[in-house]
Amino acid sequence: MRYRSTVRNAPLTSLRGAVLRGLAPDGGLYMPVEIARHSPEELEEFRRLPFTEVCFRVVKPFATPDVPEEVLWQVVSEAINFPVKLVSLSPGLHILELFHGPTLAFKDFGARFMARLMGYFVRSETRPLTVLVATSGDTGSAVAHGFLGVPGIRVVILYPSKRISEAQEKQFTTLGENITALEVAGTFDDCQRLVKQAFSDADLNKRAFLSSANSINIGRLLPQMFYHVAAYRQLPVASVPLIVSVPSGNFGNLTAGIFAKRIGLPVEKFVAATNINDVVPEYLRTGEYHPRPATATYSNAMDVGNPNNFPRLLDLSRSRLEYVQKEIWGHGATDEETLREMRVVYERYGYICDPHTAVGVLGWEAYKHEHPKPAQGLVLATAHPAKFADVVTKAIGTAPPLPDRLAACLKRAKLSLPISSAYDDFKQFLSGH
Ligand SMILES: *Cc1c(COP(=O)(O)O)cnc(C)c1O
């Protein structure tokens, strides 16, 4: 597969080029030049074959000829080593739990797959690759766990001191090995500035081999098709159309859903379910796209005012509003509605959802209200409720059970290195690293 830029002003590249670069040289995002449909017979087979085999078949056209089959098989089987669980709350409402990976959020799919792919792509390099990540919370842990123990790659995570929760901090500062966490005396913006400055520092880039692992990387999107196939395998065969509600921030998750639909999975419509940072639902309603600074909410992993995958959504619909509207319907929920929905779902079904998943359920409810014809809803559950224990407790009055994995992690000692927010200190650290 060749990859092109959404801006269409950069040379085509291979999967290797797209993954190691992240962003195209013209500032666009990489897209596969084509997305081939699987035949109905192949789709039928997807229900019967082992899940690893199906994931392999789904991603293979996107990775050929860059990645040899045996390597791709290893990447898929090592990355996706945890289950996707479908919970049916009612005959018409299903929850797809994507949070059974090491950091209890769906970002494990993308991060674990991309880390192993990068590990393969740098095998022929003599210098180790240093992956830089600035995090305000959750991305850091998924990326750190994804790359843990991958040979030839070091990860340096920058996070703002005292501005993230203890549970978030412990998830990426206790790992050791090839993961280093820098505790920056400053804000998240300082962390991002330091990373950006490092990438544009010609002198440093002569000495160090740097890359990034943020959510615009195509290597993170491809494996996000896998769980749509998992849903297809587990959902009861129904004669009514399927509506998939995706709790969204940067819209990587929803973009991957459209990829999955284009390879042939039966989805009638996607719901772009956001919190009050609703620039995309607003665009779908009015045709006007107005990025703005993000507002803090309970579903903080979706506090995004200028979603970085928006150009991909437009690209998939040839930038025509009516085509985007055909594929996606949008809904933004307030914090109050989110809390109430968490309580309603708990009381009605005995099911505890985290605030992001609750936003997804609200998106489905709103869609159904406006489109009262028969349909079944699938809501992607993006995080384990224990990751947002405070909000859950506020909503339902009791704390969600703490998974063993998180409890063990909280007991470990923090290994981060304190650093100032001055670029020279960061550069010195990277040069000596
Ligand atoms: C990152 C994240 C999202 C948003 O996903 P996008 O791909 O950025 O739209 C939703 N929920 C949780 C829990 C997340 O961590």
Side-chain angles (χ1 to χ4, degrees), residues 78-79 81-82 99 101-105 107-108 110-112 114-116 118-119 122 127-195 197-198 204 208-214 300-301 383-384 386-389 402-433:
E78 283 182 17
N81 63 351
F82 52 92
F99 52 69
T103 72
L104 309 177
K107 288 191 177 69
D108 285 328
R112 291 177 64 78
M114 182 178 66
R116 280 157 187 79
M118 273 192 176
V122 301
R127 299 179 298 174
L129 177 73
T130 301
V131 171
L132 301 180
V133 200
T135 185
S136 57
D138 275 357
T139 307
S141 54
V143 169
H145 279 263
F147 282 97
L148 184 66
V150 174
I153 301 185
R154 299 162 176 173
V155 177
V156 177
I157 299 174
L158 295 88
Y159 73 99
S161 180
K162 302 189 185 72
R163 286 172 199 254
I164 69 174
S165 75
E166 194 200 350
Q168 287 176 319
E169 185 178 24
K170 284 281 175 86
Q171 284 203 309
F172 61 81
T173 58
T174 58
L175 297 168
E177 293 188 50
N178 58 332
I179 312 297
T180 305
L182 297 182
E183 181 170 357
V184 177
T187 62
F188 173 59
D189 289 334
D190 288 320
C191 298
Q192 272 193 311
R193 171 180 51 81
L194 291 173
V195 169
Q197 218 166 330
L204 177 67
F209 179 24
L210 304 177
S211 187
S212 85
N214 63 20
N300 60 19
H384 192 290
K387 287 195 93 165
F388 299 90
L402 195 63
D404 297 345
R405 197 170 243 157
L406 195 55
C409 169
L410 288 172
K411 284 202 203 106
R412 273 188 237 120
K414 168 170 128 176
L415 302 169
S416 56
L417 300 174
I419 191 169
S420 80
S421 61
Y423 180 65
D424 283 346
D425 287 348
F426 182 47
K427 180 169 179 175
Q428 199 178 0
F429 169 81
L430 287 177
S431 307
H433 196 59

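These figures come from a predicted structure and were not determined experimentally.
Phe429 and Phe426 have parallel rings, their planes meeting at less than 30° on a 0 to 90° scale where 60° marks the start of perpendicular.
Listed by chain and residue number, Leu148 satisfy the side-chain contact (heavy atoms from CB on, under 4.5 Å) test with Asn178 (two or more places apart in sequence, or in another chain).
Listed here is the closest heavy atom pair of Ser431 and Leu204: OG-CD1, 3.8 Å. Among all heavy-atom pairs drawn from Ile157 and Gly140, the shortest one is CD1-O, 3.6 Å. The shortest non-hydrogen separation linking Ile164 to Phe172 is CD1-CZ, 3.7 Å. A pairwise comparison of heavy atoms in Thr173 and Ala181 identifies CG2-CB, 3.7 Å as the closest pair. Residue Ala105 comes nearest to Lys387 through the heavy atom pair CB-NZ, 4.0 Å, listed as atom of the first residue, atom of the second, then distance. In plain terms, the two heavy atoms of Arg405 and Gly101 that are nearest each other are NH1-O, 3.4 Å.
Between Gln171 and Leu406, some side-chain heavy-atom pair lies under the 4.5 Å cut-off. Residues Asn300 and Phe388 meet the side-chain proximity criterion, which asks for heavy atoms closer than 4.5 Å. Contact of the Val156 side chain with the Val133 side chain is not registered, since no non-hydrogen atoms from C-beta on lie closer than 4.5 Å. With contacts defined as side-chain heavy-atom distances shorter than 4.5 Å, the pair Thr135/Cys191 does not qualify. Contact annotation: the side chain of Ser211 approaches that of Met118 to within less than 4.5 Å [non-hydrogen atoms, C-beta and beyond]. Annotation: side chain of Lys414 is in contact with side chain of Glu169 (closest heavy-atom distance under 4.5 Å).
Donor-acceptor pairing under 3.5 Å is recorded for the side chains of Glu183 and Ser161. Side chain to side chain, Tyr159 and Ser416 meet the donor-acceptor criterion of an N or O pair below 3.5 Å.
Panel note: side chain Asp425, backbone Ala422; no donor-acceptor pair is recorded below 3.5 Å. Although no hydrogens or angles enter the test, the distance criterion places a donor-acceptor pair under 3.5 Å between the side chain of Asp108 and the main chain of Thr103. For the pair Gln197 (side chain) and Leu194 (backbone), a donor-acceptor distance under 3.5 Å is absent.
The pair Lys427-Asp424 does not meet the salt-bridge criterion, since no charged nitrogen lies less than 4.0 angstrom from a carboxylate oxygen.
Exactly one of Ser421, Pro418, Pro160 qualifies for a side chain to side chain contact (heavy atoms under 4.5 Å, CB included) with Val184. That residue is Ser421.
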